[in-house]
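Here is the structure we will look at, set down as structure tokens.
For reference, positions follow the sequence shown, starting with 1. Atom set for the values below is all heavy atoms of this structure, side chains included, hydrogens, waters and symmetry mates excluded.
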Amino acid sequence: AYEIPKRDWSSDVCSSDLKTIQKQLLTEHRPVWFPNAGFVKTPVVERDVLPPGWRAKGPYIIEQMDATTVVPPKALVRNDALGYLHIDLG
């Protein structure tokens, strides 16, 4: 079973804090090929450290021990209070 690590984050992340949090979560950037955009420099983050309420506009690579989630350019991704990722491809 996947266990969500306990972190010292507030349950609701203010949008003014999102840029600071994005920088703290970032592991690296990778060139990723997307059909409608070609190669795009894409941020990579670890899923187990995403705080509840985290949200971002793609592209993103979200890695975890047993899976990798690819968020395409212009898609919106958010992490809910239970740790589930929701992706809106719009």
Please evaluate residues Thr69 and Ile87 with respect to the criterion side chain to side chain contact (heavy atoms under 4.5 Å, CB included), reporting the C-alpha separation (whole Å), side-chain torsions for both, the decisive distance (0.1 Å), and the verdict. CA-CA 10 Å; Thr69 302; Ile87 301 174; 3.7 Å; yes

For residues Pro59 and Pro43, report the shortest heavy-atom separation together with the two atoms involved. O-CD, 3.3 Å

Return the minimal non-hydrogen interatomic distance between Pro51 and Asn79, and the atom names on each side. O-ND2, 3.2 Å

How would you list all residue pairs meeting side-chain hydrogen bond (donor to acceptor under 3.5 Å, both in side chains) that involve residues 28-45, not counting sequence neighbours? Glu28-Arg30, Arg30-Glu63

Derivation of the side chain to side chain contact (heavy atoms under 4.5 Å, CB included) call for Ile62 and Trp54: CA-CA 12 Å; Ile62 303 169; Trp54 176 84; 4.1 Å; yes

Pairwise distance [atom1]([X]) to [atom2]([Y]) - rounded to 0.5 angstrom:
{"X": "Leu82", "Y": "Leu85", "atom1": "CG", "atom2": "CG", "answer": "12.0 Å"}
{"X": "Arg78", "Y": "Tyr84", "atom1": "CZ", "atom2": "OH", "answer": "13.0 Å"}
{"X": "Leu50", "Y": "Arg55", "atom1": "CG", "atom2": "CZ", "answer": "13.0 Å"}
{"X": "Thr68", "Y": "Arg47", "atom1": "OG1", "atom2": "CZ", "answer": "11.0 Å"}

For Glu46, what residues pass the side-chain hydrogen bond (donor to acceptor under 3.5 Å, both in side chains) criterion, not counting sequence neighbours? none

For Asp80, give me all partners under side-chain hydrogen bond (donor to acceptor under 3.5 Å, both in side chains), at least two apart in sequence or on another chain. His86

Should side-chain heavy atoms under 4.5 Å link Ile, Leu, Val, Met, Phe, Trp and Tyr, which residues sit in the same cluster as Leu76? none

For Val40, which fellow cluster members are found when Ile, Leu, Val, Met, Phe, Trp and Tyr are connected by side-chain heavy-atom distances below 4.5 angstrom, either directly or through intermediates? Val32, Phe34, Val44, Ile61, Val70

